[in-house]
Amino acid sequence: MTTTTSPAAMRAGAPRRALRPTAKALPEHARAHNRSLVLAHLFHEGASSRADIARSTSLTRVTVSGLVADLMAEGLVEELGIRAEGKVGKPATFVAMRTESFQVVAVDLADDTRMQGAVVSLVGEVVSRREAPLDGVTGDAAVDLLETLCRQLLADAQHPVLGVGIASPGVIDTDGRVVAAPNLGWSDLPLSALFERRLGVPVHVANDANTRALGEFTYGTASGSGAIVVTVGQGVGSGVVVDGALVSGRHNAAGEIGHVTVVDDETAGETPYPCACGRRGCLETVLSVPALRRRIAGLDPQDSDAALASVGRLLGISLAPVVSTLDLEEVLLSGPPELLDGPLLEAALTTIRARTMPVIGHELTMRMGSLDEDGVLAGAAVLVLSGQLGVT
């Protein structure tokens, strides 16, 4: 099935920003680095003259002209013709990125009941969608199901595909290897390398919560100075962007707040429930969507609000040290708004403010994310843009 949609959250022309680079460009990487600078400028700023690009990137005009020529030969950039800029002298020739001529396949594995995928334009428009029911499959069967979905999406694409971006639950290393994804039965799975061989296109894999943070930052409204995006679904995870850089951590597990213990035998009124990780009382055991639905089942509205607020306080207790340590500007929640956007969010914010210095907590913003159900797909598309073009 193929449908054409343009959700507001992934609209063409939406503001887009670049993640701050975190490594020095070595001499042998200079051309690739400079190429990314040119593409990033055109992606964010739109049609520009070569002189505009040179001023923006601090590259010489000669270097920019050479890079633009190479990008035009690759079909990534095109000339739009001569345009008068209102200045004395020769009119400038504008160039632009051919965002309509390429597409990306994005896949979201965060849902526990289905795999979701889409063909996405370079500016974030969903061109077509597909999904595949999981029906409880894990391990190799889940890998095969994912491959079938990716092949179907590649066949749906109407333009050359730059690559496939896959957002998976679990711990994912920088090479796209799934270190551990218990819900899918994956461990030490070189998913990126495996699928590049099978599909014949570049494949980029990252944790779903980190991927959503990328989507909120690039296509949404997340702050680049300091934000944490908490994703609540079958499990609980988060992605952190600080000073324009995604925080990964020593084990590529930054943001794994779902397995912070928030309920123990001494927590008044709470029972430490067992968690999939093997421990008891993890945040995931009270904040995941299944846990929240169990908690409010059969309650009247007033008691339901109180139950959700109690979980919000536990979330605030978990987040307060993170907010304070990183001096974050905002917290975004992603998940069912009927569960999160109300007493739970309000209680979490109140708790964070009560447990942090006023200069930090009182200026903190906490709200729902702006990309709704397409947030992870948007982030998966960013994985490809970043990996293949150096653009975020």
With distance as the sole test, does Thr63 use its side chain to make a donor-acceptor pair with the main-chain N or O of Leu59 at under 3.5 Å?
no
Heavy-atom closest pair, residues Arg50 and Val64
O-CG1, 3.7 Å
Might you confirm whether atom CZ of Arg198 has over 12 heavy atoms from other residues, nucleotides or ligands at distances under 6.0 Å?
yes
Got a donor-acceptor contact below 3.5 angstrom from the Ser48 side chain to the Gly46 backbone?
yes
Residue pair Met97 / Val38, side-chain heavy-atom distance below 4.5 Å
no
Taking atom types as modelled and ignoring hydrogens, do the side chains of Arg295 and Ser304 form a donor-acceptor contact shorter than 3.5 angstrom?
no
Would you say that Arg177 contacts Leu191 through its side chain, given a criterion of any heavy-atom pair below 4.5 Å between the two side chains?
no
Side chains of Ile257 and Leu319: does their closest heavy-atom pair fall under 4.5 Å?
yes
Run the salt-bridge test on Asp156 and Arg130 with the 4.0 Å N-O cut-off and return the result as yes or no.
yes
Show which side-chain atoms of residues 224-239 pair as donor or acceptor with protein atoms under 3.5 Å away, not counting sequence neighbours.
unit_1	atom_1	unit_2	atom_2	d
Ser225	OG	Ser223	OG	2.8
Ser225	OG	Glu329	OE1	2.4
Ser238	OG	Gly255	O	2.7

Lys/Arg N to Asp/Glu carboxylate O, Arg129 vs Asp108, below 4.0 Å
no
Could you go through the side chain to side chain contact (heavy atoms under 4.5 Å, CB included) check for Val171 and Val178 one step at a time?
CA-CA 6 Å; Val171 178; Val178 181; over 6 Å; no
Heavy atoms only: give me the nearest Ser168-Leu184 pair and the separation to one decimal.
OG-CD1, 4.1 Å
Starting at CD1 of Ile172, measure out to CH2 of Trp186 and round the result to the nearest 0.5 Å.
8.5 Å
Is a donor on one side and an acceptor on the other found under 3.5 Å between the side chain of Glu284 and the backbone of His259?
no
Exercise: identify the closest heavy-atom pair between Gly117 and Leu377
CA-CD2, 4.2 Å
Look only at the side chain of Asn207 and the backbone of Gly170, and say whether a donor-acceptor pair between them is shorter than 3.5 Å.
yes
Sidechain-backbone polar pair: Ser386 side chain, Val391 backbone, donor-acceptor under 3.5 Å
no
Between Arg114 and Asp135, is there a side-chain N and carboxylate O pair less than 4.0 Å apart?
no
Taking Asn252's backbone N and O only, do any of them form a donor-acceptor pair with Ser248's side chain (distance below 3.5 Å, no angle check)?
no
Within a radius of less than 6.0 Å around CG of Asp70, do more than 12 heavy atoms belonging to other residues, nucleotides or ligands occur?
yes
Give me the atom names and distance for the closest heavy-atom approach of Leu153 to Val119.
O-CG2, 3.4 Å
d(Arg280 CZ, Cys275 SG) to nearest 0.5 Å is 10.5 Å
Looking at Arg98 and Glu74, is any side-chain nitrogen of the basic one under 4.0 Å from a carboxylate oxygen of the acidic one?
no
Under a 3.5 Å threshold, yes or no: a donor from one side chain and an acceptor from the other, between Asp52 and Ser49?
yes
Does a side-chain heavy-atom distance below 4.5 Å link Ile296 with Asp303?
no
Gap between atom CG of Asp140 and atom CD of Glu147 - 0.5 Å precision
11.5 Å
With sequence neighbours left out, which residue pairs that include part of residues 351-366 fulfil the side chain to side chain donor-acceptor pair (under 3.5 Å) condition?
none
Interatomic distance, OG1@Thr99 vs CG@Leu42, rounded to 0.5 Å, equals 10.5 Å
Given the rule in the side chain to side chain donor-acceptor pair (under 3.5 Å) test, do Ser370 and Glu216 qualify, once you have shown the distances and angles that lead to the verdict?
CA-CA 7 Å; Ser370 60; Glu216 288 284 353; 2.9 Å; yes
With heavy-atom distances below 4.5 Å as the criterion, would you say the side chains of Phe217 and Val382 are in contact?
no
Under 3.5 Å, side chain of Ser58 to main-chain N/O of Ala54, donor-acceptor pair present?
no
Do Met115 and Leu146 come close enough that some side-chain heavy atom pair is under 4.5 Å?
yes
Of all the heavy-atom pairs spanning Asn210 and Val240, show the shortest one and how long it is.
OD1-N, 4.5 Å
Over all heavy atoms of both residues, which pair between Ala380 and Ala106 is shortest? Give the atoms and the distance, please.
CB-CB, 3.7 Å
Between the side chains of His204 and Gln388, does any donor sit under 3.5 Å from an acceptor?
yes
Thr57 and His41: side-chain donor and acceptor closer than 3.5 Å?
no
Would you say Val322 ends up clustered with Leu349 if hydrophobic residues are merged whenever their side chains have heavy atoms under 4.5 Å apart, either directly or through other cluster members?
yes
Heavy atoms, side chains only, cut-off 4.5 Å: are Leu162 and Gln103 in contact?
no
